[in-house]
Every structure is written in structure tokens, then in C-alpha cells.
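Each remark here refers to the structure printed beneath this line.
Because the structure is predicted, anything quoted here is derived from the model rather than measured. Lettering of chains follows the sequences in order, A, B, ..., and the numbering in each one begins at 1. All values below come from the heavy atoms of this structure, side chains included, with hydrogens, waters and symmetry mates left out.
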There are 2 protein chains.
Amino acid sequence: MDTKCDAGNWSVDAYLRGCASRTVLEALANKWTCLLIDALRHGPLRFGVLRRKLDGITQKSLTQTLRVMERDGIVIRTVYPTIPPRVEYELSDLGRSVAGLMEGVKRWSEEHVDEILTAREAYDLRAQEEPRPVPVA
Amino acid sequence: MDTKCDAGNWSVDAYLRGCASRTVLEALANKWTCLLIDALRHGPLRFGVLRRKLDGITQKSLTQTLRVMERDGIVIRTVYPTIPPRVEYELSDLGRSVAGLMEGVKRWSEEHVDEILTAREAYDLRAQEEPRPVPVA
DNA sequence: CGGTATCCGCTGCGATACTG
DNA sequence: CAGTATCGCAGCGGATACCG
């Protein structure tokens, strides 16, 4: 018997509410997590470098997100006992195994931003004029 | 001059706060969006089917998420004027172009759930015993 | 069936201040 | 430099009720 999901006989399936893989999906499906994994693809980076690279992130969000990723075994945190202090974050093997996917999501966003913006404008324009189609004839 | 980001001369880069591709990334980096795109990979599905498939989603969240995806041109909503009403959602070409990525994220979550759970246990155990390493010798 | 409308509790997140 | 601690508000998501 397994404990990844809470009901008796089942399969690992993120569609299921109780399945632990759902929590993994939730951890990945986060803009900061996605950008952090992508940012760390080419090697370790310091906290301050990450903060500047992820434009707009607060120190608190960065710390929190990195902590969750460290707990999940996605990143490795290394403290160098120097003055001033120096902390580096790098992807673990596990983290590297998902980095391609996260890079893909980021790149897709950048490559299709024009189509999305166009779709949004068209939708908003239609929403002004026509009322939204409602079920029932 | 372009309008995808708000500063003058720049590149499309989701790392930048003002860049429109950041909003696209935010739209994708959402557990329900990810699962919905994956669920619709093999063809149109009705609202009620989706609600049952995405275990734990509320009607409100499902409606909201689908609306955003429709606005972004990821899904197409079709109303059949029958009684009882019937509304189907399907991926657009744009949506299909990102479906592989979303399937990958879902599958990665399922395939690595064991490693993640083990990492979490180890982390939580360490957190009880050792105090967290702090910067500065 | 597939919504919309409303209320509402919780927490996620930003802002700020402080520390080893 | 890389955090931690605290406060306070906005917004999200759940619960419920109603509708075409």
C-alpha cells in the first residue's frame, strides 16, 4: 500500500485532489518557481543576483520560493561563511531534470505573446459589443 | 516602437516586470490552467466533464480559469443551444502548441513525486534537529 | 446544465524595520 | 549580504443561493 494519495487503490494522478503529485504540480505551476529554475539552468547564482534577475520579486517572495524549492530537493543552498555572507543556489539533479520544461514554458510565453495580446484585444472588443452567448436557446 | 513591454528599447523577456510575456507566463503557471490544457489535449470536453475530471476545482474557479483561457485564445468555447444547455471547450491551435509542455509538467510531477516526498521528509527532519545554517561565520 | 451574484474568511504578498 | 519578523490590506477561492 502506498501513501502518495490518501484513498486505497489508485494511481499517481495529478487530476486527483488527494494525490501528492498534485502538490508537486502546484509547486511547479508558479511564476517565480518557473523563472528561478530557468535562471539557475547554467549554474549557481547568489541570492542578490537572483533578486535582480527576477525583476519585481520581493526579498520575502524570493526567500520563500527558494526555501520551498530547497525543501523539495529542486535546489541546493550553499552558505559560504565569509564576510560579507555569501549564499549560492544551484539546481540539484532533480531540478536539472525539469529545467528544460520550465525553459520551454518561459520561451513559449515570449514567443506567443503577440498572439495572446491580439486575442485579448479581440475578446475585449467583442465583450463590449455583443453580450456573451448564454446557454439555452 | 513596440508595446509588449513598457520601456523604450528592450527585448521580450519574462524576467522583466513590465514585459507582457510575464503576464503570459503568469497565466500558464497555474495548476488549473495546466491541468485544463492537458485535459483538453484529446478533443473537446463539456463543462461538467471538466469539473469532474479536475477533482477539487470549484465551479467558480473552473469558470474563471476557462474564461481567461478563452480570452487569451488558448481555448474555444462553443455553446450548443439545446435543452439542457451544452457548452464545449476545446484547445485552439495556439492551445495545442503548448499542450505538450503542460503534459510534460504534469507527467514530471507524477514521475518525481516519490523523490520530492523523500526530500521533504529529510528536510523537515533536519529542520527539527539542526538549526538552519545562517550566513556569517 | 452551465452558468452568475454575493458574501466572506484566509492567506499571500508587499512594505517596512531590524539582525548576524 | 542575506536573511528574519511583523503588520496590514487585497484578492483569491470556497460556500451558498439563484437564474436562463
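Residue-level contact check: A/R51 touches neither bases nor backbone, having no heavy atom under 4.0 Å from any strand.
Neither OP1 nor OP2 of D/dG13 sits under 4.0 Å from any side-chain N or O of B/T58. Distances shown here put a side-chain N or O of A/R77 below 4.0 Å from the OP1 or OP2 atom of D/dG3. Taking side-chain N and O atoms only, A/R86 has no distance below 4.0 Å to OP1 or OP2 of D/dG3.
Ion pair A/E88/A/R46 not flagged as a salt bridge, since none of the NZ, NE, NH1 or NH2 atoms sits closer than 4.0 Å to an Asp/Glu carboxylate oxygen.
One can place NZ of A/K60 at 9 Å from C1' of D/dC7, the figure rounded to the nearest angstrom. In this structure, the CD1 atom of B/I83 is 14 Å from the P atom of C/dG2, given to the nearest Å. The CZ-P distance, from A/F47 to D/dG3, rounds to 5 Å in whole Å. Straight-line distance from the CD atom of B/Q64 to the P atom of D/dC12: 7 Å, rounded to whole Å. When rounded to the nearest whole Å, the span between CD of A/Q59 and P of C/dG14 equals 12 Å. Following rounding to the nearest Å, B/L62 (CG) and C/dG2 (P) show an atom-to-atom distance of 10 Å. Atom P of nucleotide C/dG12 and atom CZ of A/R67 are separated by 16 Å, given to the nearest angstrom. Going from atom CD of B/E88 over to atom C1' of C/dG3 covers 16 Å, rounded to whole Å.
Nearest approach of B/A39 to B/L50, heavy atoms of both residues: CB-CD2, 4.1 Å.
Side-chain proximity of A/S61 to D/dG13, C/dT4, C/dC13: nearest is C/dC13.
For B/R51 and B/S61, the side-chain atoms include no donor-acceptor pair closer than 3.5 Å.
Each of B/T63 and A/N30 was matched to the nucleotide of DNA chain C holding its nearest heavy atom; the match closer to the 5' end belongs to B/T63.
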- Message: Go through it in stages, so that I can follow the logic: the residues are B/D13 and B/R22, the test is salt bridge (Lys or Arg N to Asp or Glu O under 4.0 Å), and I'd like the CA-CA distance, side-chain angles, deciding distance and then a yes or no.
- Response: CA-CA 7 Å; B/D13 184 351; B/R22 170 75 70 87; over 6 Å; no
- Message: The test is side-chain hydrogen bond (donor to acceptor under 3.5 Å, both in side chains); show your working for A/Y123 and B/D72 and say whether it passes.
- Response: CA-CA 8 Å; A/Y123 181 96; B/D72 284 354; over 6 Å; no
